Amino acid sequence: MNILLIGSGGREHALAWKIAQSALVKRLVCAPGNPGMASVGECRDVPDPVAFAKAEGIDLVVVGPEQPLAEGLADQLEEAGIPCFGPCKEAAQLEASKAFTKELCIEAGIPTGRYGHFKDAEEASSFLETFEPPYVVKADGLAAGKGVVIAETLEDARAAVSTLLPLSGSLVIEEFLHGREMSVFAISDGERVVRFGSAQDYKRAFDGDEGPNTGGMGCISPPPHFSKELEDQAYATIIEPTIKALKARGITYRGVLYAGLMITDTGPQLLEYNCRFGDPECQLLMRRLTSDLVPVLLAAAQGTLGDQEISWTDQAGTLITYAAKGYPGDYQKGSEIEGIEKAEAEDSVVVFHAGTTLEGETLTAVGGRVLSVTALGSNPEEARSRAYRGAGAITWPQGFYRSDIGA
Ligand code: AMP
Ligand code: GLY
């Protein structure tokens with residue numbers, strides 16, 4: 001098979017790493033890819049994926065990030081008769097529109113916080129008064145992680161209304177949910193839903209969950225506080241009814257559905273959906289998946305999800321994000337990184353690239369989240385100490401990482 005993988009982050013490096021291990025794969029093109037992906041596939045600039053897929057005999061397109069899906073890449077590929085792992089534009093609204101998702105949840109009886117959807121700042125401000133602090137204000141559209149404000153005071157919440165409203169023309173105000181956050185994954189072909197692992201993400205920039213929200217500073221999988229009972233509840237009351245509710249609207253969801261859940265005192269509730277794998281969570285899932293990834297991706301894309309084998313190691317995994325100093329705010333680009341081979345010489349360590357480039361022979365940082373150091377172990381503590389030994393072997397003075405992932 002020939003596979004085209006769209007994306008260039010740590011998530012896509014991990015997907016490429018796993019796809020390349022499949023005996024089914026003859027050629028893997030990563031568009032545009034990154035220096036890490038260059039060692040498992042062929043990195044190319046592909047401005048028009050549909051034309052490229054047609055011309056090069058691509059059998060499956062795997063889309064990593066949400067943006068191309070929200071713009072309708074899967075729809076264009078379907079029209080051209082090319083299987084795509086990643087939902088169509090209508091289904092991708094689950095991530096692209098918070099209001100769409102909230103409305104669907106209420107209609108289908110899916111547990112989620114009380115909310116209101118507003119186009120008018122005055123109305124939004126009055127609605128805020130019906131909540132206790134902290135207040136949750138969200139821009140309705142895709143906002144590259146900058147569309148959510150959790151405000152401690154009514155004054156700050158009102159200020160957030162003023163900043164977020166112009167971003168997408170409407171916003172969602174919702175109840176603050178207390179509990180523990182969990183990233184839960186499912187793969188669907190629009191009819192069937194298969195469970196595809198879970199992880200706990202560390203969202204804040206600094207140790208002790210201090211500092212601003214980031215894309216993810218590390219994660220652990222399996223998550224220690226997610227019992228079989230909670231898992232069953234999450235799929236039965238949230239994820240499965242969502243795929244069904246979409247289907248009832250005539251929308252076929254083909255791809256991975258990532259549920260950001262809050263495990264509250266009364267059980268799992270939905271915080272948000274993403275129409276893609278979580279990053280960094282995906283990277284640990286790829287480390288822990290022992291079965292072939294490709295048949296599952298292809299079956300989801302073709303609507304034939306059934307008895308494909310999905311198996312996971314019993315081992316625990318830890319992932320540490322190595323980010324540029326200053327991230328998620330301003331950071332410098334162009335600093336040199338050394339020691340990836342040394343890190344990977346440690347037991348069970350694999351390093352995935354996110355924001356790196358090669359300048360001549362020199363590996364250079366060009367992003368906020370730059371590397372992920374992953375390790376498995378027979379228990380969480382072993383995974384954690386291996387991952388930290390790996391991170392310690394890398395020389396990158398302009399980078400930082402949290403020291404309490406999995407602690
Ligand atoms: P979102 O992009 O909607 O996931 O929001 C980003 C982060 O804000 C989430 O990962 C949570 O940590 C936090 N958050 C969002 N909505 C809520 C909520 N209703 N209650 C508590 N925390 C929230
Ligand atoms: N790690 C959170 C995300 O991928 O959105």
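Both counts, for ligands and for their atoms, begin at 1 and track the order of listing. Remember, it's a predicted structure, so these values are computed and weren't measured experimentally.
Between Pro280 and ligand 2 there is a heavy-atom distance shorter than 4.0 Å. Using a non-hydrogen distance threshold of 4.0 Å, Gly216 does not register as a contact of ligand 2. Residue contact check for ligand 1: Lys98 places a non-hydrogen atom closer than 4.0 Å to it.
Both the sub-6.0 Å distance and the 45° axial angle are satisfied by Arg114 relative to the ring of Phe131.
Classification of the Trp17-Phe352 ring pair by plane angle, with boundaries at 30° and 60°, yields perpendicular.
Among protein heavy atoms, the minimum distance from atom 11 (C) of ligand 1 is reached at Glu181 OE2, 3.2 Å. Shortest contact from atom 22 (N) of ligand 1 to any protein heavy atom: Phe176 CE1, 3.7 Å. The nearest heavy-atom contact from the protein to atom 7 (C) of ligand 1 is Asn213 ND2, 3.9 Å. Remark: minimum distance from atom 18 (C) of ligand 1 to any protein heavy atom is reached at Leu271 CD2, 3.4 Å. Of the protein's non-hydrogen atoms, Ile150 CD1, 3.8 Å is the one closest to atom 23 (C) of ligand 1.
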Salt bridge (charged side-chain N to carboxylate O under 4.0 Å, His left out) evaluation trace for Glu129 with Arg158: CA-CA 10 Å; Glu129 288 164 24; Arg158 288 194 169 122; 2.4 Å; yes
Asp232 and Arg195: CA distance, side-chain angles, deciding distance, salt bridge (charged side-chain N to carboxylate O under 4.0 Å, His left out) verdict: CA-CA 10 Å; Asp232 289 346; Arg195 300 183 183 195; 2.8 Å; yes
Pair Lys138-Glu272, salt bridge (charged side-chain N to carboxylate O under 4.0 Å, His left out): steps then yes or no: CA-CA 11 Å; Lys138 299 182 175 182; Glu272 60 151 0; over 6 Å; no
Verdict with reasoning, Asp207 to Ser403, per side-chain hydrogen bond (donor to acceptor under 3.5 Å, both in side chains): CA-CA 6 Å; Asp207 284 8; Ser403 69; 2.4 Å; yes
Full working for side-chain contact (heavy atoms from CB on, under 4.5 Å) between Ile337 and Thr356: CA-CA 9 Å; Ile337 302 164; Thr356 68; 4.2 Å; yes
Verdict with supporting geometry, Glu346 and Arg386, salt bridge (charged side-chain N to carboxylate O under 4.0 Å, His left out): CA-CA 7 Å; Glu346 295 287 344; Arg386 286 174 167 176; over 6 Å; no
Trace of the side-chain contact (heavy atoms from CB on, under 4.5 Å) decision for Cys275 with Tyr253: CA-CA 9 Å; Cys275 62; Tyr253 194 100; 3.4 Å; yes
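Test His117, Lys119, Lys98 against Ser170 for side-chain hydrogen bond (donor to acceptor under 3.5 Å, both in side chains) and you get one pass: His117.
For ligand 2, the polar-atom distance check finds no N/O of Glu272 at less than 3.5 Å from any of the ligand's N/O atoms. Polar contact check, Val136 against ligand 1: no nitrogen or oxygen pair lies under 3.5 Å apart. Ligand 2 has an N or O atom lying under 3.5 Å from an N or O atom of Glu281, backbone or side chain. The shortest N/O to N/O separation between Gly215 and ligand 2 falls below 3.5 Å. Residue contacts with ligand 2: Arg276 is placed with a nitrogen or oxygen under 3.5 Å of a nitrogen or oxygen of the ligand (distance criterion only). Residue Arg369 has no N or O atom closer than 3.5 Å to an N or O atom of ligand 2.
Which parts of ligand 1 touch Val148 is read off a 4.0 Å heavy-atom cut-off, strictly below it: atoms 1 (P), 2 (O), 3 (O), 5 (O), 8 (O). Residue Lys138 approaches ligand 1 through these ligand atoms, each under 4.0 Å from one of its heavy atoms: 3 (O), 15 (C), 16 (N). The distance from ligand 2 to the heavy atoms of Gly278 drops below 4.0 Å at these ligand atoms: 4 (O). Close contacts of ligand 1 with Leu177, meaning ligand atoms under 4.0 Å from a residue heavy atom, involve 18 (C), 19 (N), 20 (N), 21 (C). The distance from ligand 2 to the heavy atoms of Asp201 drops below 4.0 Å at these ligand atoms: 1 (N), 2 (C). Taking every non-hydrogen atom of Glu174 and a distance limit under 4.0 Å, the qualifying atoms of ligand 1 come out as 16 (N), 17 (C), 18 (C), 19 (N).
Shown here is Asn379, whose CG atom has more than 12 heavy atoms of other residues, nucleotides or ligands within 6.0 Å.
When the heavy atoms of Met262, Glu175, Glu272 are ranked by distance to atom 1 (P) of ligand 1, first place goes to Glu272.
Proximity of Tyr258 to ligand 2, defined as any heavy-atom pair under 4.0 Å, is confined to the side chain (atoms from C-beta onward).
For the 3.5 Å distance criterion, the side chains of Glu309 and Ser291 fail to qualify, holding no donor opposite an acceptor. Side-chain contact, Trp396 with Ser335: a donor N or O sits under 3.5 Å from an acceptor N or O.
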